[in-house]
Amino acid sequence: MPAERSPAYQRIYAVVRRIPRGRVATYGQVAALAVLPGRARQVGYALHALEDGSGVPWQRVINHRGEISPRAEPFYEPLQRAMLEAEGVVFDARGRVDLGHYRWEPAPSPWPRSRARTG
DNA sequence: TGCTTGACATAAT
DNA sequence: CATTATGCCAAGC
């Protein structure tokens, strides 16, 4: 049984698929949403095992610093950046993404604020 | 089976 | 915010 079929990997892929276009998420964020707290490395490992036709938007997963994590093949770095830029994600002069602006938030503060006063 | 590596995160300085 | 140290777990050898 390939590791890609592992339940943990499947949850990771499911979370990554939920990342909307033009948004990014960190490995730790994906790990937390995939019910794998503290195992951010596994997220990267799971994405590493992905195939081209997997349909998983792996390019939307970056590290906590808003940077594209360098992998063994330097070829992927500009590729991921180009894919994100094609989605509307803007990179800083230092090659970083403003997480405060592009970070995907699956739960947009569902606070029990009850009836909003003033509306 | 045990050691090393790796698409990371967090805490301390 | 950058560095350094530590935790984490699967894959490769």
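To find a chain, count down the sequence lines: A is the first, B the second, and so on, and within it residues start at 1.
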Problem set entry | Selection from dA2(C), dC9(C), dA7(B) that lies nearest to any side-chain heavy atom of R96(A) | dA2(C)
For this session: Test Y102(A) against every option in V97(A), L84(A), I62(A) by the side-chain contact (heavy atoms from CB on, under 4.5 Å) rule and name the one that passes.
Result: V97(A)
Exercise. In whole angstroms, how far is the C1' atom of dA7(B) from the CZ atom of F75(A)?
Worked result: 15 Å
Exercise. Roughly how many Å is it from CD1 in I19(A) to P in dA7(B), rounded to a whole number?
Worked result: 19 Å
Exercise. Quick one: E73(A) CD to dT5(B) C1', roughly how many Å, whole number?
Worked result: 15 Å
Exercise. What residues form a side chain to side chain contact (heavy atoms under 4.5 Å, CB included) with P20(A), not counting sequence neighbours?
Worked result: R23(A), W104(A)
For this session: Using the test side chain to side chain contact (heavy atoms under 4.5 Å, CB included), find all partners of Q42(A) that sit at least two apart in sequence or belong to another chain.
Result: R39(A)
Exercise. Rounded to whole angstrom units, what separation is found between the CD atom of Q42(A) and the C1' atom of dG7(C)?
Worked result: 12 Å
Exercise. Is R18(A) atom CZ crowded by more than 12 heavy atoms from other residues, nucleotides or ligands, each under 6.0 Å away?
Worked result: no
Exercise. Whole Å only: how far is the CG atom of L36(A) from the P atom of dC9(C)?
Worked result: 10 Å
Problem set entry | N-O pairing of R71(A) and E73(A) below 4.0 Å | no
Problem set entry | Separation of atom CD in E67(A) from atom C1' in dA2(C), rounded to whole Å | 11 Å
For this session: With DNA chain C as reference, determine whether Y45(A) or G38(A) sits nearer its 5' end, using the nearest nucleotide of each.
Result: G38(A)
For this session: Give a yes or no on whether Y76(A) and V43(A) share a hydrophobic cluster (residues Ile, Leu, Val, Met, Phe, Trp, Tyr; joining criterion: side-chain heavy atoms under 4.5 Å apart).
Result: yes
For this session: Quick one, give me the B/S/- string for nucleotides 8-13 of chain B, reading 5' to 3', where B means a protein heavy atom under 4.0 Å from the base and S means that only happens at the primed atoms, P, OP1 or OP2.
Result: BSS---
